[in-house]
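Chain letters run A, B, ... following the sequence lines, proteins first, then strands; residues in each count from 1. Small disclaimer: the values here were computed from a predicted structure and weren't measured.
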Amino acid sequence: MRYSKLFIPTLRDDPADAEVISHKLLLRAGYIRRVTSGVYDYLPLALRVLRKIEAVIRQELNRSGAQELLMPMVQPCELWEKSGRMEKYGPELLRFKDRHGHDSCLGPTHEEVISDLVARELRSYKQLPMNLYQIQTKFRDEIRPRFGLMRGREFIMKDGYSFHADDACLAAEYDNMFATYCRIFERFGLNFRPVEADCGSIGGNKTHEFHVLAESGEDLIAHCSGCDYAANVEKAVSERSVQAFEAATLQSVDTPNVTSAEDVAALLSLEPSALLKTVVYRVIGGENDATVIAACVRGDDQLQEIKLIHALAADGVEMATDEEVQSIGGVSGFIGPQGLSCKLLLDQSLNEAAGLVAGANKKDAHVTGLDTARDLDAASFADLRETRAGDDCLKCGSAIELSRGIEVGQVFALGTQYTESMEVMFQNQQGKRAVATMGCYGIGVSRLMAAVVEQCNDDSGISWPPELAPFQLGLITMGKSEEVMQASETIYQQLLDAGIDVLWDERKERPGVKFKDAELIGLPMQVVIGDRGLKAGLVEMGLRSGERNEVALTDIVNLVIDQLKTSGSTN
RNA sequence: CGGGGCGUAGCGCAGCCUGGUAGCGCAUCUGGUUUGGGACCAGAGGGUCGGGUGUUCGAAUCACCCCGCCCCGACCA
């Protein structure tokens, strides 16, 4: 491809409204442009990268026994009514009526459509297992799209669904997909980590997320320094040794205007872990729907809301308003577990704990000497605290570390959650009707492009892994002499003939401009032909990393081929 | 939706406080000189100042309303 014919609108300055590196660089290097909130154009360079990402995914999935199909983006609402997700999915599901008044929606995911398809065609256990996937544009009307491609409303996703006659078969496919995902992310040269995760709104019972480690990641993940335990903090479990405090009688203590756990601890010269922190929520969904509840963790711990939601078997929780706090007998700023007229949950680390300090439910007062076993008989215990760096791993006892991650993939063992409601049935070996069991597997394709940029960049721009670069090679012509143009054209043709994806920068630009653009765009290798070297029969071969060598003009094509082989770049 | 910031030429910004009819850098176009790391000189084009209403002799500037964007919280690939 000739540079002058390619649509690559590069920018000299960082766009003002981009925050994270991938967003800035993809905009600056001419890969993407915003159309509307959370919706982007993929310009020619971006499309090339996307196609390469897709190619790797297809290759590995096909090799693992999955098969590709393509489902529609527009879906009838009936399917969502049938699965019961119409209400649960909420406003993220973009709904509309067609001209006949038929309720439709844009597919944010395809469990319903695939289950409906399979339900119609599945008769016998002999047709199972099967694993079907697609690479499709999804639409989720996100509350807050941000960070460019990282969290768009419209995005490209690979989603796969497997169906099985029994759970053992599902478990085997889960492991198969897990391994396949590891291979895919390894081929992208990413620093990633599979982690145990919460099932979220998709449901199911077993799931792992795949996170690319990056500062800009939206998720916090906990991983053990001594073994392979890793989990999203929404799910991570760990222990820490907390000093036991001496049992004492209950006493009230004045704490005028001192509300935060840290400040109360400082005022009373106590360890923050001696504090018992009480947070009040209103429950959404489940049997406690719309009621107000209180949850307690130690003063130096944070409450993990996802864990609380699970402990309550609810759909969600929301911080209580001051009025709601009052309605259960609490006083904002001085809330304590005693005497509240509501359901009370304590973190399990508080089981049998004594000598604690907690809010007194009176303005400007706390109580000391609180004993959870003695003073709080209505409380139930659950794991509610968020894992902290330095905690002990439950598996091996080593220290837990925390990192930020970008979730680029997730595998779920769903079980029969959708197959039951969608009636995906078949006749089993015993001749009986049975419900199929199901798994689903996602990879955020467009997000992956952003995640790779987050990990592969430097001050000059993007630095693509060879397998994903939009072109394998940049051929840069310097000078305007007839000779150098002619020599460039010859090499360009030879490279093309050798099947190499080359971008020939034949623009009438100064050398600096061409080098800057090549580096911004992130091409992994460059060949430079200039008047100076040409006289001596030499050209320059350089890598994005900076390494450069003068080589004979006559050798260049073969050297490039060798280099591409060793770097593992495919076309 | 709640909280914070912002909207002036393709991009990055100044001007606004204290009203007088729009400016800088980059990019673009023309001509010339340059040509191994984002050149220089000369000239040119390009703006409903996000939109509306109001105040005023006069509004980018002041007031009110609306729209859009970015950041922080709940969602997730």
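Look at the P atom in both B:C65 and B:G4: the space between them is 15 Å, to the nearest Å. Distance check on atom P: B:U61 versus B:A44 gives 30 Å, rounded to whole Å. Taking atom P in both B:C40 and B:C26, one finds a spacing of 7 Å when rounded to whole Å. A gap of 11 Å separates the C1' atoms of B:A59 and B:C49, to the nearest Å. Here the separation of B:C71 from B:A39, taken at their P atoms, is 32 Å to the nearest Å. Comparing B:G32 with B:C16, their C1' atoms sit 41 Å apart, to the nearest whole Å. A gap of 12 Å separates the C1' atoms of B:U48 and B:A60, to the nearest Å. Look at the C1' atom in both B:G50 and B:G7: the space between them is 6 Å, to the nearest Å.
Residue-to-nucleotide proximity on RNA chain B shows that, of A:Ala18 and A:Ile143, the 5′-proximal contact is made by A:Ala18. Mapped onto RNA chain B by nearest heavy atom, A:Met150 and A:Val20 fall at different nucleotides, with A:Val20 at the one closer to the 5' end.
Heavy atoms of A:Tyr441 sit nowhere under 4.0 angstrom from any nucleic acid atom. When heavy atoms are screened at a 4.0 angstrom cut-off, A:Ser446 is found touching no nucleic acid atom at all. A:Asp159 comes within contact range of no nucleotide atom at all, as no heavy-atom separation falls under 4.0 Å. A:Arg548 comes within contact range of at least one nucleobase, with a heavy-atom separation under 4.0 Å. Contacts of A:Lys158 with the nucleic acid, taken as non-hydrogen atoms under 4.0 Å apart, are absent. Within the 4.0 angstrom heavy-atom criterion, base atoms lie near A:Glu142. Across all strands shown, A:Arg144 has heavy atoms under 4.0 Å from base atoms, whether or not it also approaches the sugar-phosphate. Using a 4.0 Å heavy-atom criterion, one finds that A:Gly148 contacts no nucleic acid atom at all. Counting non-hydrogen atoms under 4.0 angstrom, A:Met478 reaches a base of the nucleic acid. Using a 4.0 Å heavy-atom criterion, one finds that A:Glu209 contacts no nucleic acid atom at all. Within 4.0 Å of A:Val513, counting heavy atoms only, lies at least one base atom of the nucleic acid. Within 4.0 Å of A:Pro15, counting heavy atoms only, lie sugar-phosphate atoms of the nucleic acid but no base atom. A:Gly409 comes within contact range of the sugar-phosphate backbone alone, with a heavy-atom separation under 4.0 Å but no base atom that close.
Residue A:Glu519 has its side chain nearest to B:G37 when only B:C72, B:G37, B:A77 are considered. Nearest nucleotide to the side chain of A:Phe515, out of B:U35, B:C71, B:G36: B:G36.
With a cut-off of 3.5 Å on both pairing distances, B:C75 has no Watson-Crick or G-U wobble partner at all. Applying the Watson-Crick and G-U wobble criteria (two distances, each under 3.5 Å), B:U48 pairs with nothing in any strand. In this structure, B:C40 forms a base pair with B:G32, meeting either the Watson-Crick or the G-U wobble geometry with both donor-acceptor distances under 3.5 Å. Pairing for B:C24 goes to B:G12, judged as Watson-Crick or G-U wobble with the two contacts each under 3.5 Å. With a cut-off of 3.5 Å on both Watson-Crick or G-U wobble distances, the partner of B:C69 is given as B:G5. B:A63 is paired with B:U53 under the Watson-Crick or G-U wobble criterion, all donor-acceptor distances under 3.5 Å.
Using a 4.5 Å heavy-atom threshold, the side chains of A:Leu149 and A:Tyr31 count as separate. Side-chain contact between A:Asp458 and A:Arg544: present, with at least one pair of heavy atoms (C-beta onward) separated by less than 4.5 Å. Taking the side chain as every heavy atom from C-beta outward, A:Tyr492 and A:Glu506 never approach each other to under 4.5 Å. Between A:Met485 and A:Thr477 the shortest side-chain heavy-atom distance falls below 4.5 Å. A:Asp219 places none of its side-chain heavy atoms less than 4.5 Å from the side chain of A:Val233. Here the side chains of A:Met478 and A:Val484 are not in contact, with every heavy-atom distance at 4.5 Å or above.
The nearest whole Å value for the distance from the CZ atom in A:Arg447 to the C1' atom in B:C75 is 10 Å. Atoms CZ (A:Arg28) and P (B:G12) sit 12 Å apart, rounded to a whole Å. Rounded to a whole Å, the CG atom of A:Asp505 is 14 Å from the C1' atom of B:U35. The separation between A:Asp14 atom CG and B:C69 atom C1' is 17 Å, rounded to whole Å. At whole-Å resolution of the value, CG in A:Asp17 and P in B:C69 are 10 Å apart. Rounded to whole angstrom, the span from the CD atom of A:Glu407 across to the P atom of B:A77 amounts to 5 Å. Taking atom CD1 of residue A:Ile476 and atom P of nucleotide B:G38, one finds them 13 Å apart after rounding to whole Å. The CG-C1' distance, from A:Asp219 to B:A77, rounds to 11 Å in whole Å.
Remark: aromatic rings of A:Tyr133 and A:Tyr161 are distant, center separation not under 6.0 Å.
Classified by interplanar angle (parallel below 30°, tilted 30° to 60°, perpendicular above 60°), the ring pair A:Trp80/A:Tyr89 is perpendicular.
Stacking between A:Phe155 and B:A77 is present: the aromatic ring centre lies within less than 5.5 angstrom of the base six-membered ring centre, and the two planes differ by under 30 degrees.
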Hey, mind stepping through A:His208 and A:Phe178 against ring pair (Phe, Tyr, Trp, His ring centres under 6.0 Å) and telling me if it holds? CA-CA 8 Å; A:His208 282 85; A:Phe178 186 96; 5.0 Å; yes
Which atoms of nucleotides 23-32 of chain B (N or O only) lie under 3.5 Å from a protein N or O atom, and what are those distances?
residue: B:A27; atom: OP1; partner: A:Arg12; partner atom: NH2; Å: 3.3

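For a distance-only test at 3.5 Å, the side chain of A:Arg507 fails to qualify as a donor-acceptor partner of the base of B:G38. The base of B:C75 lies close enough to the side chain of A:Arg151 for a donor and an acceptor atom to sit less than 3.5 Å apart. The base of B:G73 does not come close enough to the side chain of A:Arg146 for any donor and acceptor atom to sit less than 3.5 Å apart.
For A:Arg48 and A:Phe7, the positive end is not near the middle of the six-membered ring at less than 6.0 Å and at most 45° from its axis.
Not one side-chain nitrogen or oxygen of A:Ser37 sits closer than 4.0 Å to the OP1 or OP2 atom of B:G68.
By the 4.0 Å N-to-carboxylate-O rule, A:Arg34 lies too far from A:Asp17 to be salt-bridged with it.
Distance CD/A:Gln417 to CE/A:Met422: 12.0 Å, rounded to 0.5 Å.
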